[in-house]
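Numbered from 1 within each chain, the chains take letters A, B, ... in sequence-line order. Predicted model, so just to flag it, every value in this text is computed and none were measured.
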Number of protein chains: 2
Amino acid sequence: MPESIWLRDDDRPRRPRLSRERIVEAAVALLDAEGAAGLSMRALAARLRAGTMSLYEYVRSKEDVLDLALDEVIGEIEEPPEPGPWRDYLVRQLTQSRAVMRRHPWVPALTATRPLLGPNALARSRPFYAALASAGLAGPALTAAVGTLTSYVNGFVAAENIWWARIRTPAADAELRGAVAGHLNERMADLARLAQVDNGDFDGQFLLGLDLILDGIAARLPPETS
Amino acid sequence: MPESIWLRDDDRPRRPRLSRERIVEAAVALLDAEGAAGLSMRALAARLRAGTMSLYEYVRSKEDVLDLALDEVIGEIEEPPEPGPWRDYLVRQLTQSRAVMRRHPWVPALTATRPLLGPNALARSRPFYAALASAGLAGPALTAAVGTLTSYVNGFVAAENIWWARIRTPAADAELRGAVAGHLNERMADLARLAQVDNGDFDGQFLLGLDLILDGIAARLPPETS
DNA sequence: ACGGTTTTCCGTACAGTGCACGGAAGACGG
DNA sequence: CCGTCTTCCGTGCACTGTACGGAAAACCGT
């Protein structure tokens, strides 16, 4: 009777220290903390207290890590149980997408680089198509509507994040804002006057643009029923 | 009378071999040929037959090169002499933006990273604001409309380029298309059925989405005159 | 014609990157 | 007790951006 269970340390009966899940979790944390430039395989391994090359047991390349991290945070968008009216549903869903991309500012630039084929990305786009299909869209109009909306959200948050990235302190904010304003006023004052509302009301701007697109979609719906 | 002009080789009275212009020109060519990953300061210098560190006489960092290259290709969008009706103008201008981003596929991912403050970018956005302003928009609605349109174009072409990047040969195209279709059908057949129009009609999709947004904008215009 | 200053060019060096290779250490099935 | 297989990872290579400092050339004032 060798080593009774009660005496044995059975915490790791056959447990690898690393795993894909642990790696992508650490990768997301690292990306959030240091940005895309801060993610190196060495830094990632260090954060997991592992040797660099150990990661390659679970992942073929750094690209894989990025793909996995991306799909991971896409999973943070929760799927709603009840569909409800299509327009409310889309606003809610896309607002949430934006929130995720703000929590993880490295996301928009990454999506511009790689196709989104991960399980979470697919799971999230399904009800999205379904909502617009139930509203009456089909065929090219349907895919165009979906494409327009996702392109808009990605593009908007990408632009937004550029500005957020360059300000951490209010002082830096004021200085940057001043420098840009000076730059603009100096070389095209009329444009600066037209676009004077480029103060930081990103929330309002986001919803405004979204409504614009949704109005365009609504106008294209078959003039049907309820 | 030393060295008459006619005998002197005055081709280079004080001509540095390098210049910012030559550097950004080479950078654009290199980016077009090799993609963003292929642009290294060493490769860039080699293409100019210069030492690597010579570049730093004209540019503070690689980031500078990217900013300059980006603004350079934005300059390829020609400014139209006659404004004309706002809607036609916007469609023409944005179609041209898309064409530029297709010629230089590295552009959309770059724009997602940095602010566009170069002279060409500013010069191009001015008539853009002006067109929508002349249509009757002002204040937040104006900036929202501009933001929506540019976000859409960026996002659309970014997504589009992802697919173009992965196919060079028709064989690769067919294989990729098959793999993706299989992947989709396997794990969510209904979605695949809804989105069956994801064949390569990017042109049509682009204009469809654009019309969507423009309809939304038109609906928001003050119900005024001619 | 000449000394000094400024501009251009760039070789070297350093810290950092992704990852190929091959070995070690341990868990497992026979 | 002996292979085999999985996990871990040290070393090494080719490559990156760029700090530093020196060489050479072009310019200017005398």
Side-chain angles (χ1 to χ4, degrees), chain A residues 2-3 5 7-28 30-31 33-70 106 109-110 113-114, chain B residues 1-3 5 7-27 30-31 33-70 106 109-110 113-114:
Chain A
E3 312 279 341
I5 304 200
L7 304 178
R8 220 185 321 141
D9 176 15
D10 227 2
D11 257 0
R12 40 205 84 224
R14 174 52 170 170
R15 169 138 55 131
R17 307 199 319 98
L18 257 43
S19 70
R20 231 172 226 211
E21 290 77 28
R22 297 224 317 129
I23 290 177
V24 318
E25 182 194 332
V28 169
L30 191 52
L31 285 165
E34 315 276 355
L39 179 76
S40 76
M41 294 305 269
R42 285 187 238 266
L44 182 54
R47 182 174 265 259
L48 291 161
R49 257 175 262 287
T52 307
M53 295 311 292
S54 304
L55 303 178
Y56 288 88
E57 204 66 43
Y58 300 90
V59 128
R60 236 194 279 276
S61 67
K62 186 183 178 180
E63 296 281 289
D64 280 9
V65 176
L66 291 173
D67 281 331
L68 290 168
L70 192 49
W106 43 274
L110 253 201
T113 299
R114 50 207 350 100
Chain B
M1 187 220 283
E3 311 278 342
I5 303 199
L7 305 178
R8 221 184 320 141
D9 176 16
D10 229 3
D11 257 1
R12 42 203 83 223
R14 173 55 169 167
R15 171 137 56 130
R17 306 197 323 99
L18 256 43
S19 70
R20 233 175 224 207
E21 289 76 28
R22 296 223 318 129
I23 291 177
V24 316
E25 182 194 332
L30 190 53
L31 283 164
E34 314 277 354
L39 178 75
S40 75
M41 294 305 269
R42 284 186 240 265
L44 182 53
R47 181 175 265 260
L48 290 161
R49 260 175 261 285
T52 307
M53 295 311 291
S54 305
L55 303 178
Y56 287 89
E57 205 66 42
Y58 301 89
V59 127
R60 237 196 278 279
S61 68
K62 185 183 178 179
E63 295 281 289
D64 281 8
V65 177
L66 292 172
D67 281 331
L68 290 168
L70 192 49
W106 42 275
L110 254 199
T113 299
R114 54 213 339 104

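Protein atom CG of A:L48 is 16 Å distant from nucleotide atom P of D:dT7, rounded to whole Å. D:dG17 atom P lies 14 Å from atom CD1 of B:I23, rounded to whole Å. Rounded to whole Å, atom C1' of C:dC9 lies 17 Å from atom CZ of B:R49. The distance between atom CD of B:E63 and atom C1' of D:dT16, rounded to the nearest whole Å, is 14 Å. The CZ atom of B:R17 sits 14 Å away from the C1' atom of C:dT7 (whole-angstrom rounding).
Here CD1 of A:I23 is found 6.5 Å from CG of A:L44. Values are rounded to the nearest 0.5 Å. The distance from the CG atom of B:L66 to the CG atom of B:L39 is 6.0 Å, given to the nearest 0.5 Å. In this structure, the separation between CZ on B:R22 and CG on B:L55 is 10.5 Å, given to the nearest 0.5 Å. Once rounded to the nearest 0.5 Å, the distance linking OG of A:S19 with CG of A:L48 reads 8.5 Å.
When the side-chain contact (heavy atoms from CB on, under 4.5 Å) test is applied to A:T52, the partners found at least two apart in sequence or on another chain are A:M41, A:R42, A:A45. For A:A46, the side-chain contact (heavy atoms from CB on, under 4.5 Å) test picks out no residue, with sequence neighbours left out. By the salt bridge (charged side-chain N to carboxylate O under 4.0 Å, His left out) test, A:E63 pairs with A:R114, sequence neighbours left out. Applying the side-chain contact (heavy atoms from CB on, under 4.5 Å) criterion to A:L68, with sequence neighbours excluded, gives A:R20, A:V24, A:V59.
Taking every heavy atom of residues 33-45 of chain B and every atom of DNA chain D, pairs under 4.0 Å involve B:L39, B:S40, B:M41, B:R42, by number. Within residues 53-62 of chain B, the residues approached by DNA chain D to less than 4.0 Å at the level of any non-hydrogen atom are B:M53, B:Y56, B:S61, B:K62, in residue-number order.
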